[in-house]
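Notes to accompany the following structure.
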Amino acid sequence: MAVATRYPTRPLECWGKLRELRRKYAKQAWEMGEQGGLVVAAQLPAMPLVAGLGEFARRIYGAYFGKAMREPEVLRQFHEAADARGFARGDMCSSMHHQIGQVLLGLTQTDPFSGISRPVDFVFETNFCHSAAKTAQIAGEVMGVPYFVVDVPHIEGEAARRYVAGQLMDSIGWLEEVSGRTFDDGKFVEAMAHWWHRGVLYARVGETLKAIPAPIDYWQVRALRVPAQVGGHTAEVAEFYEMALAEVEDRAREGISAFGVETCRLSHEGEEMFYAEKFMGEMVQRYGAVFVVGDTGFNTGLWHIDEDGSWKSAPTLKEMGLTLRSREDAIDLLAQALVDHSPIFRCQRLEEKPLEVVKRSQEWRSQGAIIHMDIGCRGMSAGMLEARMALEREGIPTVTYESSNSDPRDFTPSQVTDRLESFLERLGLSRLT
Amino acid sequence: MASVEAAAALDRFSRTIKERHDYARAWKERTGGKVVGYFCSYVPEEVLYALGVLPVRVLGSHEPQDLTERHIFGMFCPYSRDVLAQGLSGRYDYLDGLVFAHCCPHIRQSYESWRIHRPVEFSHLMWVPSMVQSPHAVPFFEDGVRKLTAAAEAWTGKPLSPDALGQAVSTYNLNRRLLAQLYGLRKPEPPTVTGTQAMEVVIASTLTDKAEHNQWLHELLAHPPQASEGGVRLLAVGSENDDTGIIQLLESLGGSVVIEDNCLGNRYFWDEVSPDGDLLSAVAARYLEKPPCPQRDIGPRVRTSFLTGLAREYDVQGVVFLRQKFCDPHAYEVPIIQQAFQDLGLPTLILELDVTTPYGQYRTRIEAFMEMFL
Ligand code: SF4
Ligand code: SF4
């Protein structure tokens, strides 16, 4: 039996700022239209490009995502709205399924605070996963607004980057046409620099978890991603990550741990259960284990991924000696970011996945991998079982659990708990007293 | 009613499907050439064929299996699991190579696990753009076609000569033209070729040396069947479907599948390669300009008008969706397309395909559907 290894801990100070930013952007998503800005609906738009049009807010298709995840009954109604229209629940991404339900119910354009209609101007999506591209199409059609999807190949190479860059360049004309605004290269270039910077800093926050003890845990890193997703093109969000990184680096230097105990380090592969965000982290904490690495928690960052599968944070513009001077410069960098440096756009590069999962586990010194067999996700689930075999071959024990990222009806807590507990016991852990 | 000649000609196609492994082995022995298994109808076969390689589409066997559980999630489509099972079981042990054109993560997983656990001499993955309307899509795909060409040249040790490519393109184009002629026989009422027969001819084309298939097609078209029994004229829309049993069932219960939309049917051979200009560019353009699958329809939707156009052209009375269980690319479009047909007053039926299809249960549903046309 492993003896619980204890370290000092203290609360993370940047949570306050994180909450403030979350609130600000959540409000903005609904009020931007009336403030004269644009509202773009998307899961993962190419944010810096939209910033070329001036002020804007991004609203996801399932604009009531948070409420749905807190209230299973509400979530069920969204799924049922999609079912009723013939979208087969078990046959598609469960996150997109309830979001399509929300689109069909008209909620993407209905302010939850006032109940009044707040329209979306257009849909501008990236094809990080075919589920998102098809949902963008449905959302555009149902809401009756123009839509544009930038296709990002899950394959490496110069030709892929050129293909993406060409589409990004073309999208500028489209953005001008549907918004009636003139695209401002200066704003785009500036937003691109911020967006790149926040991606690098976010990845560096993830890298601090290589330290023993990890200064924060993997789920906390994941929780930090929200500003990057909603306002990643702004200076204030880049500054937030400067602050967050400085804080976690201090913690790592001082030996401050995430929760006070770190007897065992774990990795988590696969999407989380959005409706049970805390379940995984809290479950393993009872055994003194801490998640230190994983895929979806890190994939908001910009990474440089070596041929041997190892992940390092991408260099900053300054480190590269790069100054963005023109629309072309910024487009090239954005295309490069999407094709090469954003793990979410690599989720179907299955030939690289096992190597990367193994390497990441080794470099973050994970002692066991918990793998989500997510019946509601095709994109990230692909390649997972081959990755599992590769981990086992390298002597890293694994366990799988089955559920769905966005449908609690596919999640049986007692079963998942049983599986995880016996896995943790197999790792020599016992419940903390 | 099929004449003796037509029946014999048709029988060749169905036998080739059943004996596909024997066919490929015999071809290899006869020609000394290499055989490549490919995974998606976007693989530009002409390039391989021009290098003396026989491209054969890998298909499932529709038998229960337990080989794939360690490699591929149970909620990946049955087609992708069935195909992988064939690879892992060694049924395709005569393949010298595998070529994959990215269709969706399900089948990419089959390719990948096959490649890892049953390695072959040559394996190659190419991306197929989804935004086919983008002016950048064809140049990007062309780059992929050129990379495949270079890799296959290195593997076979042969350079691709313009003459050989020209010959391959014209052989493939002829095949497409002859298949289009065959499909013309499905337009009259009653059609002279049944849906099952047409499906067998096209699937056989994906498994056969095209020059030989062209010969067989010439013979069939010289003595075409006189007439089928006909029935309710149906359009079958759906995912990859290599299960002729479901079409047979529809046709045995009063349906007549006069046209389909899937990648082992119309979408396999629709549109030819333009023989003018640079041939590799023309090959790339043909694949992206053919009617798209749902994965290649992410811009302003084109499949609805294409499919309703097909329904009109083939004078269809009803539409059956044959969707592989868990096939999300199709799941995202079925309700939209279904609505378009319903708006035209065409009744629709959705059937889900699995590795083994529950024919008993589907018989009742199909019978109930057919009653709508009485
Ligand atoms: S990666 Fe998974 S969860 Fe994300 S959109 Fe694709 S299928 Fe859905
Ligand atoms: S049937 Fe559907 S899920 Fe399966 S390989 Fe084809 S497109 Fe992909």
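Chain letters run A, B, ... following the sequence lines, proteins first, then strands; residues in each count from 1.
- When heavy atoms are compared at a cutoff of 4.5 Å, A:Thr400 does not approach chain B at all.
- If you measure heavy-atom distances from B:Ser134 to chain A, the contacts under 4.5 Å come from the side chain alone.
- Taken from NE2 in A:His130 to OG in B:Ser130, the straight-line distance is 9.5 Å, to the nearest 0.5 Å.
- A:Asp151 contributes a side-chain N or O that, together with a main-chain N or O of B:Met131, makes up a donor-acceptor pair within less than 3.5 Å.
- Put simply, CZ on B:Phe73 and CD1 on A:Ile375 are 10.5 Å apart, with the number rounded to the nearest 0.5 Å.
- In terms of heavy-atom pairs under 4.5 angstrom with chain A, the leader among B:His117, B:His330, B:Lys325 is B:His117.
- Looking at A:Lys134, its side chain never comes within 3.5 Å of a backbone N or O of B:Ala331 through a donor-acceptor pair.
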Could you go step by step and tell me if A:Ser131 and B:Asp328 meet the side-chain contact (heavy atoms from CB on, under 4.5 Å) rule? CA-CA 8 Å; A:Ser131 304; B:Asp328 48 342; 4.0 Å; yes
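- Rounded to the nearest 0.5 angstrom, A:Ile155 CD1 and B:Phe140 CZ are separated by 6.0 Å.
- Interface residue B:His106: only side-chain heavy atoms are found under 4.5 Å from chain A.
- For the set B:Pro135, B:Pro329, B:Cys77, B:Pro294, the entry with the most heavy-atom pairs within less than 4.5 Å of chain A is B:Pro294.
- Remark: side-chain polar atoms of B:Arg108 are paired, donor with acceptor, to backbone N or O of A:Gln348 under 3.5 angstrom.
- The interface of residues 336-350 of chain B with chain A, defined by heavy-atom distances below 4.5 Å, comprises B:Ile336, B:Gln339.
- Residue contact with chain B, scored on non-hydrogen atoms closer than 4.5 Å, involves the backbone of A:Val152 exclusively.
- Heavy-atom distances place both the backbone and the side chain of B:His71 under 4.5 Å from chain A.
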Please lay out, stage by stage, how A:Ser381 and B:Met75 fare under the test side-chain contact (heavy atoms from CB on, under 4.5 Å). CA-CA 10 Å; A:Ser381 299; B:Met75 51 61 172; 3.9 Å; yes
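- A:Glu156 CD: 12 or fewer foreign heavy atoms inside a 6.0 Å radius.
- Comparing B:Gln324, B:Glu352, B:Arg323 by how many heavy-atom pairs each has under 4.5 Å with chain A, the most go to B:Arg323.
- Neither the backbone nor the side chain of B:Tyr111 comes within contact range of chain A; no heavy atom of the residue lies under 4.5 Å from a heavy atom of that chain.
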Verify side-chain contact (heavy atoms from CB on, under 4.5 Å) between A:Gln137 and B:Asp297, making sure each step is shown before the conclusion. CA-CA 9 Å; A:Gln137 190 181 43; B:Asp297 190 18; 4.1 Å; yes
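- Per-residue counts of heavy-atom pairs under 4.5 Å with chain B were compared for A:Pro354, A:Gly379, A:Gly166; the largest is that of A:Gly166.
- Rounding to the nearest 0.5 Å gives a distance of 6.5 Å between OG of B:Ser113 and CE of A:Met389.
- Inter-residue side-chain proximity for A:Ile138 and B:Arg301 is flagged as met; some heavy-atom pair is nearer than 4.5 Å.
- A 6.0 Å sphere centred on CD of A:Glu307 holds no more than 12 heavy atoms belonging to other residues, nucleotides or ligands.
- Residue contact with chain A, scored on non-hydrogen atoms closer than 4.5 Å, involves the backbone and the side chain of B:Gln109 alike.
- Both the backbone and the side chain of A:Arg349 come within contact range of chain B, judged by heavy atoms closer than 4.5 Å.
- Chosen from B:Ala137, B:Pro139, B:Cys327, the residue pairing most often with chain A at heavy-atom distances under 4.5 Å is B:Ala137.
- Neither the backbone nor the side chain of A:Cys347 comes within less than 4.5 Å of any heavy atom of chain B.
- Both the backbone and the side chain of A:Ala160 come within less than 4.5 Å of a heavy atom in chain B.
- Heavy atoms closer than 4.5 Å to chain B are found in the side chain of A:Tyr147, but not in its backbone.
- For a residue to count as touching a neighbouring chain, one of its non-hydrogen atoms must lie under 4.5 Å from one of that chain's; by this rule A:His154 touches chain B with backbone and side chain alike.
- Taking CG of B:Asp143 as the start and CZ of A:Arg162 as the end, the distance is 6.0 Å to the nearest 0.5 Å.
- For chain B, the option among A:Glu141, A:Glu158, A:Glu125, A:Gln167 with the highest count of heavy-atom pairs below 4.5 Å is A:Glu141.
- The choice from B:Glu333, B:Gln295, B:Arg70, B:His136 that makes the most heavy-atom pairs within less than 4.5 Å of chain A is B:His136.
- Within the model, atoms OH of B:Tyr332 and CD1 of A:Ile100 stand 5.5 Å from one another, a figure rounded to the nearest 0.5 Å.
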